[in-house]
Amino acid sequence: MPSGKELALEPSKVEVSTQHALLLRFSVNQRMMKYLLSLTMALVCLVFTISAQDIASLEKKLKTAGDADKAMINNQLAELYLRKDRAKAIQYAKDAYKYASSTGNKRVKAESKNFEAKATAGIYLPGKTVPNHRDKNASHYHKGVSLFKESLKLAKAAGYTQLELDNLENLAYINTKTIGRHRPDTREEMKYYKQYITRIKEIKNVTAPRAAATLSGGGGSSSSSNNSNTSNTNNGTPTTGPSTARLIREKKELEEEVGELESETRVLKKQVKTLEDKLKESSGVSTAELENIRKELEEKESELSKVAREKSRKEGETKRLTMEIEGVKYELVQAEEAAEMAEVKASRIQQGVIMGGIIAALVLGFLYFAYRSQSRARKEMAEKNAIIAKEQERSEELLLNILPANIAEELKANGEAKARKHDNVTVLFSDFKNFTAVSEALSPEQLVKELDYCFKGFDFIISQYKSIEKIKTIGDAYMAVSGLGDKSGKHEEDMIKAALDMQEFLEDYKTERKLFGLPTFEARIGIHTGPVVSGVVGNKKFAYDVWGDTVNVASRMESNGEIGKVNISADTYNKVRYAFNCSPRGKIEVKNKGRVEMYFVNKAYS
């Protein structure tokens, strides 16, 4: 017997499993790690010890300092507390800002805002690391950015170039980090790095001419002085600015003055020597002449002392200018290095952005390809599932055409259907009159066509009654049973109504064919009610059937009936006598059954 899986198709399930394995292995020298760890701990302890001593001494000085000193000491304490206690660092920075505001110290004000920003945003001076704030709104981050901007504004107003650069660098750096819901902002980062580079170039344009003048040994100071108001570049080389020209001019004038003073000193020394010689030879000189020589000597000594002091001052001024030029040269080198570093950093950021874009494009392309592939797979799967569902529906329809619904469900669920005994069912048989003679008058195609038309009519009629199941057709015979699964007790009436409808259908078809002179089909119908046994038989071409004496009696009711009539047994009559008008036929001799009482059904009572 076929199983339920053979009778009803089920959609196939596709399972796709993917596994990825990634193995990372590190080999580390344990002795080296222990040594580095010990060294690191020692350095940390040393730093914290020195820092603690500085903090204690500064806090002691703060108690007795004036407002101007308090501003600077508070700033120093804020800087020291950045790595220890952010809250204290913020408080000291705020106090520094308050005292700097009262004394009008713009540079300290800018520095205090810078320290407050670093403490608020969590940017520590040594490593510039940003802690992972867990607050969802990242309020520390936003406030830190605002304070950095405020410090940048104050630094510009105070002409504090180094602090300007520090604020710009921190604003650029902080936009590379993920804090709370905030994500890295590459556009903001690039904006601040561009400002950083622009400021470095501005510093370079001012400081480069000083170093150039120093390297040239002060030559061309006159022409530089004449062009002191020019600040444009020629072929990328900065021209001499006002500050540079002034320094070169002053240095040259001082060198000339020092040379003149040295000449005067030499002359005065000669004169003093001459006068001293005269004093030694004063024996032949009058008292008046001697007095004049002494006065002249005193004047020369006084003048010599004055010239010496002036020379010392000029030499100090010259030394100061030389140191200033050397400082400008150093600033130029530092500015160039900072500009190069900023350009390298900006270049790396740009490369990172490009690489990020390429990676993003590749990822998007891969995701799109995967999406398209998955969409195609889903579409193909949906089409296959639709085909499977359609075939399954067809197989179930075919199964229901062969079996009753409850038997079909049992067969699909269990792979087999158990035989059942039914105590009260109604069996119908129909058979066409003179079928052999009619079939000889028709071609095979016409014969099959006519039988198909009639049996489809019968199928449609019994489908109108839920209690009736078609069992089979054998040649020109048609068999149906009612009451197999019906518990309402009306299956006998349903079967007789269906039989009357079948006779009416054949009568109408006969009238239509007679108009065209065509052969007609007329049938006898017999019905009997009683017990039967039902079940599924066969292996490949299985069939549902019923057995029992009730089936044999129903067949005898058909063979002993009349054309166009519905012949029923007494057992069936007793169940429908109040629903239908019947004509008794009396007892009629039946093969192998003796005399059996029969009735013709005329019509249903209205």
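Everything numeric in this text was worked out from a predicted model, so none of it was measured.
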Measuring only between side-chain heavy atoms, which start at C-beta, is [X] closer than 4.5 Å to [Y]?
X    : Y    : result
K143 : S146 : no
F115 : L147 : no
V566 : I568 : yes
K593 : V553 : yes
F580 : N602 : no
L428 : E558 : no
L506 : F432 : yes
M495 : V427 : no

What's the verdict on side chain to side chain contact (heavy atoms under 4.5 Å, CB included) for K118 and N170, showing C-alpha distance, side-chain angles and the deciding distance? CA-CA 9 Å; K118 288 175 180 176; N170 281 314; 3.5 Å; yes

Rounded distance (nearest 0.5 Å) linking atom [atom1] of [X] with atom [atom2] of [Y]:
X    : Y    : atom1 : atom2 : value
S583 : M598 : OG    : CE    : 15.0 Å
K497 : I468 : NZ    : CD1   : 10.0 Å
N167 : F148 : CG    : CZ    : 6.5 Å
L152 : L171 : CG    : CG    : 6.5 Å
N434 : E522 : CG    : CD    : 8.5 Å
C454 : D476 : SG    : CG    : 10.5 Å

Under a 3.5 Å distance rule, please check whether [X] uses its side chain to pair with a backbone N or O of [Y] as donor and acceptor.
X    : Y    : result
Q503 : A523 : yes
E493 : K490 : no
S463 : F460 : yes
E597 : K587 : no

Please determine whether a side-chain nitrogen of the Lys or Arg among [X] and [Y] lies less than 4.0 Å from a carboxylate oxygen of the Asp or Glu.
X    : Y    : value
E164 : K156 : no
R513 : E450 : yes
K153 : E150 : no
D452 : K456 : yes
E507 : K510 : yes

Report the C-alpha separation of M557 and T572 in whole Å, then their side-chain angles, then the decisive distance to 0.1 Å, and conclude whether the side chain to side chain contact (heavy atoms under 4.5 Å, CB included) test is met. CA-CA 11 Å; M557 291 296 107; T572 304; over 6 Å; no

How close do [X] and [Y] get, counting heavy atoms only, and between which atoms?
X    : Y    : value
V425 : G483 : CG1-O, 3.7 Å
T120 : G144 : CG2-N, 3.9 Å
S439 : L447 : CB-CD2, 3.6 Å
F429 : S555 : CD1-N, 3.6 Å
H491 : S482 : O-OG, 3.0 Å
I461 : Y465 : O-CD1, 3.4 Å

Name the one of T550, T529, D571 that satisfies side chain to side chain donor-acceptor pair (under 3.5 Å) with T426?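 Exactly one option meets the side chain to side chain donor-acceptor pair (under 3.5 Å) with T426, and it is T529.
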
Do D501 and Q464 meet the criterion of a side-chain donor-acceptor pair at a distance under 3.5 Å? no

Identified side-chain contact (heavy atoms from CB on, under 4.5 Å) counterpart of V532 within the set H422, K421, R420: H422

Do you know which of N560, I563, N567 makes side-chain contact (heavy atoms from CB on, under 4.5 Å) with R524? I563

Any chance you could lay out the side chain to side chain contact (heavy atoms under 4.5 Å, CB included) test for Y478 and K472, step after step, and finish with the verdict? CA-CA 6 Å; Y478 188 94; K472 59 186 175 181; over 6 Å; no

Verdict with reasoning, Y509 to T520, per side chain to side chain contact (heavy atoms under 4.5 Å, CB included): CA-CA 8 Å; Y509 188 50; T520 61; over 6 Å; no

Flag yes if more than 12 heavy atoms outside R372 fall under 6.0 Å of its CZ atom; otherwise flag no.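 Not buried by this count: 12 neighbours or fewer within 6.0 Å.
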
Report yes if the distance between the aromatic ring centroids of Y453 and F458 is under 6.0 Å, otherwise no. no

Residues pairing under ring-ring contact (aromatic ring centres under 6.0 Å, His included) where one sits in residues 586-606, two or more places apart or in two chains, turn out to be Y573-Y599

